[in-house]
Chemist: 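Quick one: the structure is below, and I'll ask about it shortly.
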Amino acid sequence: MHETRIDVADLIVGMYVSRLDRPWLGTGFPLEGVAVRTVEEVERLSTLCEYVFVDPQRGVAPHPRYLNVDSSPELLKRELGQEELAALRKTTWPRTAQFAAELPQAAKAHGQLEHGIQEVMVDLRNGRGIDMEKLREGVAAMLDSITRNPAAFIWLKAIKRTSDYAYQHALGCSVWAASFGRQLGMNRNELDELALTGLLFDVGKTRLPQSLLSRIDVYNDDDHAIMREHVQFGVEILSATDGVPKRVVTAVATHHERHDGSGYPQGLSGSEIPIFGAITGLIDSYDAMISAQPHAPSLSPHQSVMQLYEARDRLFQAELVEQFIQTCGIYPSGSLVELTDGSVGVVTAVHDLKRLRPSVMLLLDAGKSPLREFRSIDLSEMHDQPGDDAITIRRGLPQGAFGVDPAELFLD
């Protein structure tokens, strides 16, 4: 059996727990091991144990820091060909800045990239081309920040939102793409192209009727057919733009293909889908789920992760889903959470080895009334205190829960 001992706080849905730090008897779990399928099971195990043993051959592999070798390329070998594996040379990106120190730099880069994608959308809607040089400058600034510490940029992405879903979605997908590529160990050039893909994969929608994009009622078959044209429009726009890497265009052409062949426009499946296309499709789905749209309310990050997990090896390759969960976590920076004492806050930092116990800025008290002064607590330190009454996260919340909008509270 290939077991790896991990801190229970690093346990996530999809892992297979083969042993505990205590006997199975009396835990309510099967004596022969358990495939963790829900966040509730993760939290239950966290109350029982300090560490567990997981079998990476029967479930999601632990974070590479627990292994003697970098594992992501091995995990992806089941579906990706040698050419795609060459893109995963496993560059190590250690965190070189603390969250608080990185936040001002991330804010500056965020503003630069936000301005760049706004200009792209306006230019395209007015029939002008894309200023790739300016866009690349914004991407470079973002990558500088994310490679130092991704938490700061993810935090800003989550709390600094606007009502323009199109460019906010593009910005969000670029941030997730860069963070995911960092997790997979891509080098700087690959991160640059993947982040560009996140910004540009939906540019074809600028050629669609605005009335269709802003619709709040259910699309009929004709509407869906028109919407699907954005893929070809995007390929045409980017193919005619100087300086767009070929891999970015290919990813745009394939980001709606799905692992089981149910996607469009070509009905590709499995390893037929290029890695950048597969990653972009997964990120597109996740960011859409956690974002409020004209036709649908947002889901909490927890709910969205669960939907991705349920879609593994159906819509998305299982290994990619598992690695993405490692990237974003169940409670990513910027997400709203309710704690076990009833208070509500926003996650400010996720700890590498205690992802279920992040740092949280408290906004509402147990009665859901606004606090006069915000207060930051580190759940990982609280859990280490003696006793069973340590505060933990009860559940993740969608945007706007209890009338809380972190964007109004933290940023101009």
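Residue indices begin at 1 and follow the sequence shown. The structure presented is a predicted model; accordingly, all values stated were derived computationally and were not measured.
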Chemist: Distance from Gln183 atom CD to Cys328 atom SG, nearest 0.5 Å?
Modeler: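 Gln183 CD to Cys328 SG: 10.0 Å, rounded to 0.5 Å.
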
Chemist: Could you tell me if the side chain of Ser335 sits less than 4.5 Å from the side chain of Ser300, heavy atoms only?
Modeler: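 When only atoms from C-beta onward are counted, Ser335 and Ser300 do not touch, as no gap falls below 4.5 Å.
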
Chemist: What I'd like to find out is whether the side chain of Glu137 reaches to under 4.5 Å of the side chain of Asp131, using heavy atoms alone.
Modeler: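 Contact flag for Glu137/Asp131 side chains = no.
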
Chemist: Given 3.5 Å as the limit, does a donor-acceptor pair link the side chain of Thr147 with the main chain of Asp144, or not?
Modeler: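 Side chain of Thr147 to backbone of Asp144: a pair is present.
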
Chemist: Hey, does Met142 have a side-chain heavy atom less than 4.5 Å from the side chain of Ser174?
Modeler: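 With C-beta onward as the side chain, the pair touches.
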
Chemist: Measure up the Tyr219 and His224 rings against each other and bin them: parallel (under 30°), tilted (30 to 60°), perpendicular (over 60°).
Modeler: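 Aromatic pair Tyr219/His224 classed perpendicular.
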
Chemist: Using atom types as modelled and distance alone, determine if a side-chain donor or acceptor of Arg136 lies under 3.5 Å from a backbone N or O of Asp192.
Modeler: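 No, because the side chain of Arg136 does not come within donor-acceptor range (under 3.5 Å) of the backbone of Asp192.
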
Chemist: Between Asp21 (side chain) and Tyr51 (backbone), is there a donor-acceptor pair under 3.5 Å?
Modeler: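 Yes: the side chain of Asp21 pairs with the backbone of Tyr51.
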
Chemist: Kindly indicate whether the side chain of Tyr331, heavy atoms from C-beta on, has any atom under 4.5 Å from the side chain of Val360.
Modeler: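 They are not in side-chain contact.
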
Chemist: Any side-chain to backbone donor/acceptor pair from Ser145 onto Ala141? Under 3.5 Å, distance only.
Modeler: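 No: the side chain of Ser145 does not pair with the backbone of Ala141.
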
Chemist: Once you round to the nearest 0.5 Å, how far does CG of Leu199 lie from CE of Met121?
Modeler: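 Leu199 atom CG to Met121 atom CE measures 8.0 Å (nearest 0.5 Å).
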
Chemist: Please walk me through it: do Lys205 and Met227 pass side-chain contact (heavy atoms from CB on, under 4.5 Å)?
Modeler: CA-CA 8 Å; Lys205 288 185 177 179; Met227 282 293 294; 3.9 Å; yes

Chemist: Give a yes or no answer on whether the side chain of Ser18 reaches the backbone of Gly33 with a donor-acceptor pair at less than 3.5 Å.
Modeler: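 Checking the backbone N and O of Gly33 against the side chain of Ser18, no donor-acceptor pair under 3.5 Å is found.
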
Chemist: State, to 0.1 Å, how close Leu143 and Leu191 come at their nearest heavy-atom pair, and which atoms those are.
Modeler: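 Where Leu143 meets Leu191 most closely, the heavy atoms are CD1-C, 3.8 Å.
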
Chemist: Test salt bridge (Lys or Arg N to Asp or Glu O under 4.0 Å) on Glu119 and Arg128 and set out the steps.
Modeler: CA-CA 10 Å; Glu119 286 194 349; Arg128 296 190 291 269; over 6 Å; no

Chemist: List the steps, then state whether side-chain contact (heavy atoms from CB on, under 4.5 Å) holds for Ile6 with Met15.
Modeler: CA-CA 11 Å; Ile6 69 171; Met15 288 182 172; 3.8 Å; yes

Chemist: Taking salt bridge (Lys or Arg N to Asp or Glu O under 4.0 Å) as the definition, give me every residue that meets it alongside Arg312, ordered by chain and number, with sequence neighbours left out.
Modeler: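 Arg312: no salt bridge (Lys or Arg N to Asp or Glu O under 4.0 Å) contacts found.
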
Chemist: If I compare all heavy atoms of Leu397 with all of Ala401, which pair ends up nearest, and what's the gap?
Modeler: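 Taking Leu397 first and Ala401 second, the nearest heavy atoms are CB-CB, 3.8 Å.
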
Chemist: Can you check whether Tyr264 reaches Glu257 side chain to side chain, under 4.5 Å on heavy atoms?
Modeler: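 Tyr264 does not reach Glu257 side chain to side chain.
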
Chemist: Determine whether a donor-acceptor pair (N or O, by modelled atom type, separation under 3.5 Å) exists between the side chain of His115 and the backbone of Gln112.
Modeler: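 A pair under 3.5 Å: no.
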
Chemist: Report the distance from atom OH of Tyr286 to atom CZ of Phe324, rounding to the nearest 0.5 Å.
Modeler: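 Answer rounded to 0.5 Å: 5.5 Å.
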
Chemist: Once rounded to the nearest 0.5 Å, what's the spacing between atom CH2 of Trp176 and atom CG of Asp284?
Modeler: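 If we round to the nearest 0.5 Å, Trp176:CH2 and Asp284:CG are 14.0 Å apart.
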
Chemist: First locate atom OG1 of Thr4, then atom CD of Gln57, and finally report the distance between them rounded to the nearest 0.5 Å.
Modeler: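 Output value for this atom pair is 9.5 Å.
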
Chemist: Counting only N and O atoms by type, is there a donor-acceptor contact under 3.5 Å from the side chain of Ser343 to the main-chain atoms of Leu339?
Modeler: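 Not a single qualifying donor-acceptor pair exists.
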
Chemist: Distance from Ile146 atom CD1 to Glu102 atom CD, nearest 0.5 Å?
Modeler: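 Reported to 0.5 Å precision, the distance equals 9.5 Å.
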
Chemist: Check whether any side-chain N or O of Ser359 sits under 3.5 Å from a backbone N or O of Thr348 as a donor-acceptor pair, and report yes or no.
Modeler: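 Checking the backbone N and O of Thr348 against the side chain of Ser359, no donor-acceptor pair under 3.5 Å is found.
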
Chemist: Are any non-hydrogen side-chain atoms of Val244 and Ile130 less than 4.5 angstrom apart?
Modeler: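 Side chain of Val244 against side chain of Ile130, heavy atoms only: no contact under 4.5 Å found.
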
Chemist: Show your working on side-chain contact (heavy atoms from CB on, under 4.5 Å) between Arg258 and Ser285 and close with a plain yes or no.
Modeler: CA-CA 11 Å; Arg258 293 296 178 257; Ser285 296; 3.7 Å; yes

Chemist: For atom CD of Gln232, decide whether the heavy atoms of other residues, nucleotides or ligands shown that lie under 6.0 angstrom number more than 12.
Modeler: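 Counting neighbours around CD of Gln232, more than 12 heavy atoms of other residues, nucleotides or ligands fall under 6.0 Å, so yes.
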
Chemist: Step by step, would you call Lys157 with Ile154 a side-chain contact (heavy atoms from CB on, under 4.5 Å)?
Modeler: CA-CA 5 Å; Lys157 177 265 175 194; Ile154 292 173; 5.5 Å; no

Chemist: Answer yes or no: is there a donor N or O on one side and an acceptor on the other, between the side chain of Asp223 and the main chain of Asn220, under 3.5 Å?
Modeler: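 Flag set: sc Asp223 to bb Asn220 pair under 3.5 Å.
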
Chemist: Quick check: closest heavy atoms across Val36 and Tyr309, and the distance to 0.1 Å?
Modeler: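 Closest approach of Val36 to Tyr309, heavy atoms only: O-OH, 4.1 Å.
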
Chemist: Of the non-hydrogen atoms in Val139 and Ala195, which two are nearest, and what is the gap between them?
Modeler: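 Nearest heavy atoms, Val139 then Ala195: CG1-CB, 3.8 Å.
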
Chemist: Which pair of heavy atoms, one from Glu338 and one from Gly342, lies closest together, and at what distance?
Modeler: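 Minimum heavy-atom separation between Glu338 and Gly342: OE2-O, 4.0 Å.
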
Chemist: Would you say that Ile325 contacts Val60 through its side chain, given a criterion of any heavy-atom pair below 4.5 Å between the two side chains?
Modeler: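 No, too far: nothing below the 4.5 Å cut-off.
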
Chemist: So do the side chains of Ile290 and Asp287 get within less than 4.5 Å of each other, counting heavy atoms only?
Modeler: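 The answer is yes, as the side chains (C-beta and beyond) meet within the 4.5 Å cut-off.
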
Chemist: If you look at every heavy atom in Val231 and Pro265, which pair is closest and at what distance?
Modeler: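 What the structure gives for the nearest pair is CG1-CD, 4.1 Å.
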
Chemist: Do side-chain atoms of Arg247 reach the backbone of Glu193 as a donor and acceptor pair under 3.5 angstrom?
Modeler: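 Such a contact is absent between Arg247 side chain and Glu193 backbone.
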
Chemist: For Arg215 and Asp217, run salt bridge (Lys or Arg N to Asp or Glu O under 4.0 Å): C-alpha distance rounded to whole Å, both residues' side-chain angles, the deciding distance at 0.1 Å, then the answer.
Modeler: CA-CA 6 Å; Arg215 284 262 298 277; Asp217 52 340; 2.5 Å; yes

Chemist: Using the benzene-type ring in the case of Trp, are the ring centres of His169 and Phe201 under 6.0 Å apart?
Modeler: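 Between His169 and Phe201, the centre distance is under 6.0 Å.
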
